[in-house]
There are 2 protein chains.
Amino acid sequence: MQTTPADTAHTAPADICSAPPRSHPRPDGEDRYTISEVVAFTGLTAHTLRWYERIGLMPHVDRSHTGQRRYSNRDLDWLDFVTKLRLTGMPVADMVRYAELVREGESTYGERKDLLESTRRDVLTRIAELRDTLAVLDTKISFYATEGITR
Amino acid sequence: MQTTPADTAHTAPADICSAPPRSHPRPDGEDRYTISEVVAFTGLTAHTLRWYERIGLMPHVDRSHTGQRRYSNRDLDWLDFVTKLRLTGMPVADMVRYAELVREGESTYGERKDLLESTRRDVLTRIAELRDTLAVLDTKISFYATEGITR
DNA sequence: TATGACCTTGGAGTGCACTCCAAGCAAGCG
DNA sequence: CGCTTGCTTGGAGTGCACTCCAAGGTCATA
């Protein structure tokens, strides 16, 4: 689960690395959120959260003494990141691969970097495609605007 | 199959509107492409081309006397546009709706414009999201880069 | 004219990413 | 204690966008 003892005032978990400037709903120590709280925070459904866990996309969510899920601030950060990756169009299988690398520890830094750089290139390509499409849309919209007026 | 400059003058068709500056494989008059030619031009599969037609996403593809499809330059333009819409993430159902509006004629200019403007907003949103993700990726990549070196 | 590559159809199958279900246990409140 | 709402599970179902299949007809070339 945890790859580094690095209990460094929490703010720099090597698992998650370079934590986002996101503020958490509750401070560390009281971060034992139920699944429905996480649903409210992330916008994901409970189904999806359980499914993410089942397919290995979550780094081992803690449980209450009766077996109910208790999510941490770190889990929330991870879900934020996963959500970002999701909207790049990255397949879930690739995100699972990344999660595996995280579980394997620091020795996979290189491979993780490669994966992220490849994703970065994809994002750049996608942005370029979207820009291109935007130009086409603008042309057509202005056509409809002028024709709609002149007729 | 060379991309001949082609006399793009070819009367701006109201169906397609604001023709793209694309050059066609063959000039108008000789534009009766088989499905496999269109596969080569567009990168779509023959299956997908037939499926597009079945669901009403194509504006009536011409047929040879024996019933085989013969695509025109105009069909190619339409497919180009559809492909652009596709990569904005627009659902096929919405593209079919647009195709229906085109079939209904000039009276639907307003609605077509609305649809395209809504798509335009979606594209802008998506670009913003991707930029956001890019920032996260860059932070992580540079983390891996420096940590990968210093350890 | 024969051969083989290409084209036709309706309908069934695939892969992805969820999404839902049933049956049962858990938690908080009056 | 009973009630309601919430959480658990494995497995089945859904919706989208293709993707493929079988069985047969067509076309170009030798």
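Small disclaimer: the values here were computed from a predicted structure and weren't measured.
Judged purely by distance below 3.5 Å, without hydrogens or angles, the side chains of A:Y71 and A:D31 never pair a donor atom with an acceptor atom.
Put simply, CD1 on A:I55 is 15 Å from P on D:dT9, counting in whole angstrom units. Whole-Å rounding puts the A:D94 CG to C:dA17 P distance at 9 Å. What separates CE of B:M58 from P of D:dA17 is a distance of 17 Å, to the nearest Å. One can place CG of B:L49 at 14 Å from C1' of D:dA17, the figure rounded to the nearest angstrom. Residue A:I35 contributes atom CD1, which lies 13 Å from atom P of D:dG6 at whole-angstrom precision. The distance from atom CZ of A:R32 to atom P of D:dG6 is 20 Å, rounded to the nearest whole Å.
Of the two residues contacting DNA chain C, namely A:H47 and B:S36, the nearest-nucleotide position lying further toward the 5' end is that of B:S36. Two residues, B:M95 and A:R63, neighbour DNA chain D, and the one matched to the more 5' nucleotide by heavy-atom proximity is A:R63.
Between A:Y52 and the phosphate of C:dC18, there is a side-chain N or O to OP1/OP2 separation shorter than 4.0 Å. Dashed line: the shortest gap from a side-chain N or O of A:T48 to OP1 or OP2 of C:dA17 is not under 4.0 Å. Contact check, A:R69 against D:dT8: a side-chain N or O comes under 4.0 Å of OP1 or OP2.
Taking the charged nitrogens against the carboxylate oxygens, B:E37 and B:R26 do have a contact shorter than 4.0 Å, which makes a salt bridge. A salt bridge links B:R97 with B:E100: at least one charged nitrogen is closer than 4.0 Å to a carboxylate oxygen. Under the 4.0 Å criterion applied to side-chain N and carboxylate O atoms, B:K84 and A:E129 are not assigned as salt-bridge partners. A salt bridge links B:R32 with B:D62; the closest basic N to acidic carboxylate O contact falls under 4.0 Å.
Taking the centre and axis of the six-membered ring of A:F143, the NZ or CZ atom of B:K113 falls outside the cone set by 45° and 6.0 Å.
Between the side chain of A:S64 and the main chain of A:Q68, a donor-acceptor pair closer than 3.5 Å is present. In this structure a side-chain-to-backbone donor-acceptor pair under 3.5 Å is present from B:D75 to B:S72.
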Return the polar atom pairs (N/O with N/O) between nucleotides 24-26 of chain D and the protein under 3.5 Å, or none.
| from | atom 1 | to | atom 2 | distance (Å) |
| --- | --- | --- | --- | --- |
| D:dT26 | O3' | B:T66 | OG1 | 3.3 |

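When side chains are defined from C-beta on, A:L49 does not count as touching A:M58, because their heavy atoms never get closer than 4.5 Å.
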Walk along nucleotides 11-16 of chain D from 5' to 3' and tag each nucleotide B, S or - by protein heavy-atom contact under 4.0 Å, base first, then sugar-phosphate. B-----
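Of the candidate nucleotides C:dT9, C:dC18, D:dA17, D:dA17 has the atom nearest to the side chain of B:W51.
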